[in-house]
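Worksheet: the structure to be examined is printed underneath.
Each ligand, and each atom within it, is numbered from 1 in the order the structure gives.
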Amino acid sequence: MHDFIGKALTETKALIAQAAINSGRKETDIELVAISKTHPAQYIEAAAKSGQVLFGENYIQEALAKQKELAHLDIVWHFTGRLQSNKAKFIPGHFSLVHTMDSLKLAQILHKKILYYNETTGQNLRQDVLIEVNLAKEEQKAGVSEAELPMLVEALANMPAICVTGLMLLPPFHLTPEARRPLFAGLRGLRDSLQTETGWDLPVLSMGMTDDFVQAIEEGATLVRVGTRIFGKREYA
Ligand SMILES: *Cc1c(COP(=O)(O)O)cnc(C)c1O
């Protein structure tokens with residue numbers, strides 16, 4: 001029924017593999033997160049049946065409903081939307097990676113929710129997160145500024161239930177894919193220096209979407225977030 005999804009996945013993976021080779025890496029060094037926000041659960045099921053495991057959702061309520069409906073499938077869920085602090089309690093146990101950690105306040109609230117989750121479930125979860133960086137200094141854009149980054153990093157160092165595994169970037173929409181390259185390279189450089197300064201292992205660079213995942217991979221992305229190319233255009237209600 002949704003044959004186009006399997007085909008689009010195959011094509012996308014071929015492009016990822018080629019971009020990996022262009023950057024001197026293996027295709028297995030790059031992971032594809034299928035961004036399924038606003039699309040029905042049946043689309044996710046079709047992609048999962050074509051072998052896709054990683055899915056990213058942006059809206060908590062929508063994501064939880066889909067997780068329930070698709071509980072019979074082997075799916076790994078990422079949270080890729082803007083996280084509101086009043087929704088942080090829904091993260092632990094539901095998303096293996098949060099791409100959008102971008103403020104001290106959010107980190108503190110999420111950390112509390114994870115500790116509470118561990119207390120009440122008897123688990124010992126360390127929530128993986130990426131720090132979203134607003135490298136282009138866009139106003140009204142999510143993401144921590146480069147100037148605020150050291151403070152956030154220092155605070156996160158004292159939150160044992162949160163584990164930072166890398167950085168995430170959402171470049172300005174008005175830039176062409178080629179014009180985004182310096183930002184992709186910039187995120188990589190920032191990751192490298194942060195790794196040196198903190199001694200943390202920060203292997204993940206989440207950057208690249210439908211229009212620019214090839215450029216992002218060539219500049220070092222390890223996790224690309226592709227929606228439209230796999231599922232088609234989104235209809236917003
Ligand atoms: C929606 C979204 C994507 C996917 O965008 P496409 O252009 O449809 O591939 C990627 N990352 C984030 C953070 C998103 O919100």
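- In summary, the side chains of S145 and N134 do not present any donor paired with an acceptor at a separation below 3.5 Å, with no hydrogens or angles considered.
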Could you check ligand 1 for N or O atoms lying under 3.5 Å from protein N or O atoms and list the pairs with distances?
from: ligand 1; atom 1: 8 (O); to: T228; atom 2: N; distance (Å): 2.8
from: ligand 1; atom 1: 8 (O); to: T228; atom 2: OG1; distance (Å): 2.5
from: ligand 1; atom 1: 8 (O); to: R234; atom 2: NH1; distance (Å): 2.8
from: ligand 1; atom 1: 8 (O); to: R234; atom 2: NH2; distance (Å): 3.2
from: ligand 1; atom 1: 9 (O); to: T210; atom 2: N; distance (Å): 3.0
from: ligand 1; atom 1: 9 (O); to: T210; atom 2: OG1; distance (Å): 2.5
from: ligand 1; atom 1: 9 (O); to: G227; atom 2: N; distance (Å): 2.8
from: ligand 1; atom 1: 11 (N); to: R225; atom 2: NE; distance (Å): 2.8
from: ligand 1; atom 1: 15 (O); to: K37; atom 2: NZ; distance (Å): 2.7
from: ligand 1; atom 1: 15 (O); to: N58; atom 2: ND2; distance (Å): 2.8

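- A cation-pi arrangement is found for K141 relative to F173, the charged atom lying closer than 6.0 Å to the ring centre and inside a 45° cone about the ring normal.
- Ion pairing between E57 and K37 fails under the 4.0 Å rule for side-chain N and carboxylate O.
- Around CG of D74, the count of heavy atoms belonging to other residues, nucleotides or ligands within 6.0 Å does not exceed 12.
- Ring orientation note: the planes of F4 and Y43 are nearly perpendicular, at an angle over 60° on the 30°/60° scale.
- Looking at N118 and Q123, their side chains never bring a donor and an acceptor atom within 3.5 Å of each other.
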